[in-house]
Amino acid sequence: MADTDQLATLTGVLDKRMTRQLKTYLDICARCAICKDACHQYVATNDVRYLPAYRAELIRRIYKKYIDKSGRVMPGLYEGRDPDEDLLDELYQVSYACTGCRRCMYFCPFSIDTQFILAAAKAILIAAGKGDEMLGQLADAAIFKGDNAEMFHDIVVDGFKDVEGRLKELTGDETAEIPVDRQGADILYVALAGAHSILPAAAIFHEAKESWTLSLYESANYGFFLGDPVKARKIADRFMDEAKRLGVKEVVITECGHAYRVAEIFHEAWSGEKHPFKVKHILEKIDDYITSGRIKVPKKIEEPVTYHDPCQIARNGGIFEQPRDIVKAIAKDFRDMTPNRQEQWCCGGGGGIVAIDSMNEMRLKSGNRKVEQIKATGAKIVASPCENCRLQMEDLNEHHGLGVRIAAIMDLVVESMEFPAKAGA
Ligand code: SF4
Ligand code: SF4
């Protein structure tokens, strides 16, 4: 049993989050269990803890006992429960395991958003000091780095200079550059840490003659995975504030699922301000460049290519066709997975789960449906524009001996391009 102070704190956290939306989700579940066939984790493990409705039920029981009037009057009838140690441990397992794919919501007859309910679970866990430790450390490290940007400035800029050297070599153009903090650029490109996220985008922007810049800040947001909106907002504010300062017209997010969703969907709600610029995913820009002829992709990929829709970009972000258009433009043999688009199976790597070692075994198992889908296409290349999806599918590739190449779409686009400066050299 939680002590009185802790009980008041934890139930207070839930009470504060009790919006009409959350209350509706908690009240209307019909226990039909249709969601069981939608969740890759339940389907792979048959473990009731991973059934979406069961995960929500853990929060519902606290709600029934302490917040909903009927539950306070008759907690026995509504099976109300205290947020005691056992319940908190179970909440940890079900909420940090959830990849936030929202496939259960898509199939639920009432569109109940289990991920939304589990965001309340994470808030309770954080208040109880039981938020995921690794995700917390990664979020704090990002905040520290941002708070001490001057300390890291030279190291980061030196890294960009190295990438610039590789860009000149790749394009064969000595004038190719990686602009940083360029006032008045049209686009702020928000990359992940590492050359792999910058070099292909820079080559594409260069050939498209785009006006763009980087800032010192990255797109990855472990505060979002942790379930701490204050930290998540702080991490996202860094590049959003830079976008305003630089006066860009568009913020373009790299091949990353959660960062796109944070920037496009959550940040305005967190900050209470409308962005003075558009937010786009890099694939939307690349699709435009190919369609308008700003970049040419004459070197078609011979091997069959399939495409995995990252949940945060596709089902939760609404981007379905542009990546397919790109892959069809660069590959001779595109083979879609079944099911796809809104019904695509989650690969099992989202929501920060790839950073949680204790969940590795379940994570690998939960990718079974994705493995079957990939095999059924017979593709040799699996393209996907999300780093977490690629990390998970690399693990699945190795574990199941799939013998495929897991690739970022930007990399495949660059391989399909001809760089005139290089050809003429
Ligand atoms: S499908 Fe929806 S209504 Fe049915 S049990 Fe799952 S969450 Fe509840
Ligand atoms: S959001 Fe995805 S992982 Fe989470 S419960 Fe629903 S189907 Fe399962």
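Just so it is clear, the structure is predicted and the values come from calculations on it, not from any experiment. Remember, it's 1-based here, ligands and their atoms both numbered in the order they're listed. Side chains included, hydrogens not; waters and symmetry mates left out as well; all remaining heavy atoms used.
Remark: minimum distance from atom 4 (Fe) of ligand 1 to any protein heavy atom is reached at Cys32 SG, 2.2 Å. Given atom 3 (S) of ligand 1, the protein heavy atom at minimum distance is Ala30 N, 3.4 Å. What sits closest to atom 6 (Fe) of ligand 1 on the protein, heavy atoms only, is Cys35 SG, 2.4 Å. When only non-hydrogen protein atoms are considered, atom 2 (Fe) of ligand 2 lies nearest to Cys101 SG, 2.3 Å. Shortest contact from atom 8 (Fe) of ligand 1 to any protein heavy atom: Cys29 SG, 2.3 Å. Scanning the protein heavy atoms around atom 5 (S) of ligand 1, the nearest turns out to be Ala33 N, 3.2 Å.
Contact check for Ile67 versus Leu26: no side-chain heavy atoms found under the 4.5 Å cut-off.
In this structure, the separation between CH2 on Trp345 and CD on Gln373 is 8.5 Å, given to the nearest 0.5 Å. Interatomic distance, Lys234 NZ to Asp140 CG, rounded to the nearest 0.5 Å: 9.5 Å. In this structure, NE2 on His267 lies 11.0 Å from CD1 on Ile235, to the nearest 0.5 angstrom.
Under 3.5 Å, the side chains of Gln322 and His281 contain no donor-acceptor pair of N or O atoms. Counting only N and O atoms by type, the side chains of Gln93 and Tyr50 include a donor and acceptor under 3.5 Å apart. Donor-acceptor pairing under 3.5 Å is recorded for the side chains of Thr254 and Ser197.
Between Tyr54 and Tyr42, the distance separating the two ring centers is not shorter than 6.0 angstrom.
Ligand 2 places these atoms under 4.0 Å from at least one heavy atom of Pro52: 5 (S). Listed by number with element, the atoms of ligand 1 under 4.0 angstrom from any heavy atom of Phe110 are 3 (S). Within the listing of ligand 2, atoms 1 (S), 2 (Fe) sit less than 4.0 angstrom from a heavy atom of Arg102. Close approach to Arg55 involves these atoms of ligand 2, each under 4.0 Å from a residue heavy atom: 5 (S), 8 (Fe). Atoms of ligand 2 found under 4.0 Å from any heavy atom of His40 (numbered from 1 in listed order, with element): 3 (S). The distance from ligand 1 to the heavy atoms of Pro109 drops below 4.0 Å at these ligand atoms: 1 (S). Numbered from 1 in the order shown, with element, the atoms of ligand 1 that lie under 4.0 Å from a heavy atom of Ala53 read 5 (S), 6 (Fe). Here is the list of ligand 2 atoms found below 4.0 Å of a heavy atom in Thr99: 3 (S).
In summary, Cys108 places an N/O/S atom under 2.8 Å from atom 2 (Fe) of ligand 1, meeting the contact criterion. At a cut-off of 2.8 Å, Cys39 is counted among the residues with an N, O or S atom near atom 8 (Fe) of ligand 2.
Contact annotation for Met105 and ligand 2: no heavy atom of the residue comes within less than 4.0 Å of the ligand. Residue contacts with ligand 1, taken as heavy atom pairs separated by less than 4.0 Å, involve Arg31 solely via the backbone atoms N, CA, C and O. Contact annotation: for Cys104 versus ligand 1, there are no heavy atoms closer than 4.0 Å.
Salt-bridge formation is not detected for the pair Glu90/Arg61: no Lys NZ or Arg NE/NH1/NH2 atom is positioned less than 4.0 Å from an Asp or Glu carboxylate oxygen.
Closest approach of Leu138 to Ala355, counting heavy atoms only: CD1-CB, 4.1 Å.
Counting non-hydrogen atoms of neighbouring residues, nucleotides and ligands closer than 6.0 angstrom, the CZ atom of Arg335 exceeds 12 such neighbours.
Side-chain N or O atoms of Ser416 include none that pairs as donor or acceptor with a backbone N or O of Val297 at under 3.5 Å.
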